[in-house]
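One structure is given below, encoded as structure tokens.
No experiment lies behind these values; they were computed from the predicted model shown.
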Amino acid sequence: MPGRFRIYFVSSNEHKFREIKLVLMEYNISAIRRKADLKEIQSLDLEDIAREKAFSAHEIVKKSIIVEDAGLFIDALGGFPGPYSSFVQQTIGCEGILTLLRNKLSRKATFKSALVCADRNGKLLTFLGGVTGTISQDLCGDHGFGFDPIFIPDGHRDTYALMLDAEKNLISHRAIATRKFADWFLKRQRTKE
Ligand code: IMP
């Protein structure tokens, strides 16, 4: 059943869309996907990258939109790959990360998400989410995407990739940012009514 409210989610990533759509359904908000390869600026700050993407997405769609940018920040690697997560995933992948961590004492890491909404007039608002965890010794699990097979959120024994979307959504960095957005969005709709 379609939700009472609608928002366009601009992304080329099917997995992110599924996760965000599921969370927003809880708030009676329908996420409608618009595929677009948005240009990504070079920055060490996820928020800056996401805001630039939101600006471009709004130029294309000309309606209220959301975009999301995420990255895995590994303590022992000085926060690498962080904003370079996409490139690192496409090049050395999860195995490459495990190799870089061989002999490192700490396997602590944080997954961060920056979700940016551009309202109908193009005004930008950012919602952040973060989850701390550890990098596993081996790849584990078939669900999800990207670094899911090597990230174990704190308080859990399983990697993200051993969780179904609904389970990952109870705790993930993206779900935290999405819930913050949904709370704000619903509050704003109520003040309009
Ligand atoms: P993006 O720039 O936000 O599309 O994400 C950068 C990269 O980080 C993606 O290509 C994935 O490899 C990785 N990534 C982002 N979010 C997640 C996640 O929730 N799980 C696993 N990997 C992720």
Only distances under 3.5 Å count here; give the side-chain donor-acceptor pairs of residues 95-106 to other protein atoms, sequence neighbours excluded, each with its distance to 0.1 Å.
unit_1	atom_1	unit_2	atom_2	d
T99	OG1	E95	O	2.9
S106	OG	K108	N	3.1

Please tabulate, for side-chain N and O atoms in residues 74-87, each donor-acceptor pair with protein atoms closer than 3.5 Å (sequence neighbours left out).
unit_1	atom_1	unit_2	atom_2	d
S85	OG	L72	N	3.0
S85	OG	G82	O	2.6
S86	OG	Q90	NE2	3.2

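Aromatic ring pairs are classed by plane angle as parallel below 30°, tilted from 30° to 60° and perpendicular above 60°; the pair F111 and H173 is parallel.
Once rounded to the nearest 0.5 Å, the distance linking CZ of F5 with CZ of R188 reads 11.0 Å. Atom NZ in K63 sits 7.5 Å away from atom CZ in R6 (nearest 0.5 Å). To the nearest 0.5 Å, atom NZ of residue K123 and atom NE2 of residue H58 are 12.5 Å apart. The CD1 atom of I20 lies 9.0 Å from the CG atom of N169; values are rounded to the nearest 0.5 Å. The distance from the CG atom of L128 to the CD atom of E47 is 5.0 Å, given to the nearest 0.5 Å. The line from CE of M25 to OG of S30 is 8.5 Å long, rounded to the nearest 0.5 Å.
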* Does the side-chain contact (heavy atoms from CB on, under 4.5 Å) test come out yes or no for L170 and V23, once each step is laid out? -> CA-CA 9 Å; L170 292 175; V23 173; over 6 Å; no

Quick one: do F145 and E19 satisfy side-chain contact (heavy atoms from CB on, under 4.5 Å)? Show the steps, please.
CA-CA 11 Å; F145 70 107; E19 291 177 19; 3.7 Å; yes

* To do: Take I171 and H156, measure what side-chain contact (heavy atoms from CB on, under 4.5 Å) needs, and give me the verdict at the end.
  => CA-CA 10 Å; I171 52 166; H156 295 260; 3.7 Å; yes

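If you run salt bridge (charged side-chain N to carboxylate O under 4.0 Å, His left out) between D69 and each of K53, R174, K16, R51, only K53 comes through. Of the candidates Y27, F9, F127, F127 is the only one forming a ring-ring contact (aromatic ring centres under 6.0 Å, His included) with F181. Between V67 and the choices L124, L115, I49, V10, the side chain to side chain contact (heavy atoms under 4.5 Å, CB included) rule is met once, by V10.
The backbone N or O of S11 sits nowhere less than 3.5 Å from a side-chain atom of K35 that would complete a donor-acceptor pair. Using a distance-only test at 3.5 Å, with no hydrogens or angles considered, a donor-acceptor pair links the side chain of R107 to the main chain of I135.
Hydrophobic clustering (ILVMFWY, side-chain heavy atoms < 4.5 Å, transitive): F151 and I176 are in one cluster. Under a hydrophobic clustering in which Ile, Leu, Val, Met, Phe, Trp and Tyr are joined whenever their side-chain heavy atoms come within less than 4.5 Å, directly or via other members, I66 and I60 fall into different clusters. Hydrophobic clustering (ILVMFWY, side-chain heavy atoms < 4.5 Å, transitive): I7 and W184 are in one cluster.
The side chain to side chain donor-acceptor pair (under 3.5 Å) test applied to T132 returns D154, not counting sequence neighbours. By the salt bridge (Lys or Arg N to Asp or Glu O under 4.0 Å) test, R34 is found to be paired with no residue, residues two or more places apart in sequence or in another chain being considered. Shown here are the side chain to side chain contact (heavy atoms under 4.5 Å, CB included) partners of C140, two or more places apart in sequence or in another chain: T159, L162. The side chain to side chain contact (heavy atoms under 4.5 Å, CB included) test applied to K62 returns no partner, not counting sequence neighbours.
At a threshold of 4.5 Å between non-hydrogen side-chain atoms, the residues I152 and D158 do not count as touching.
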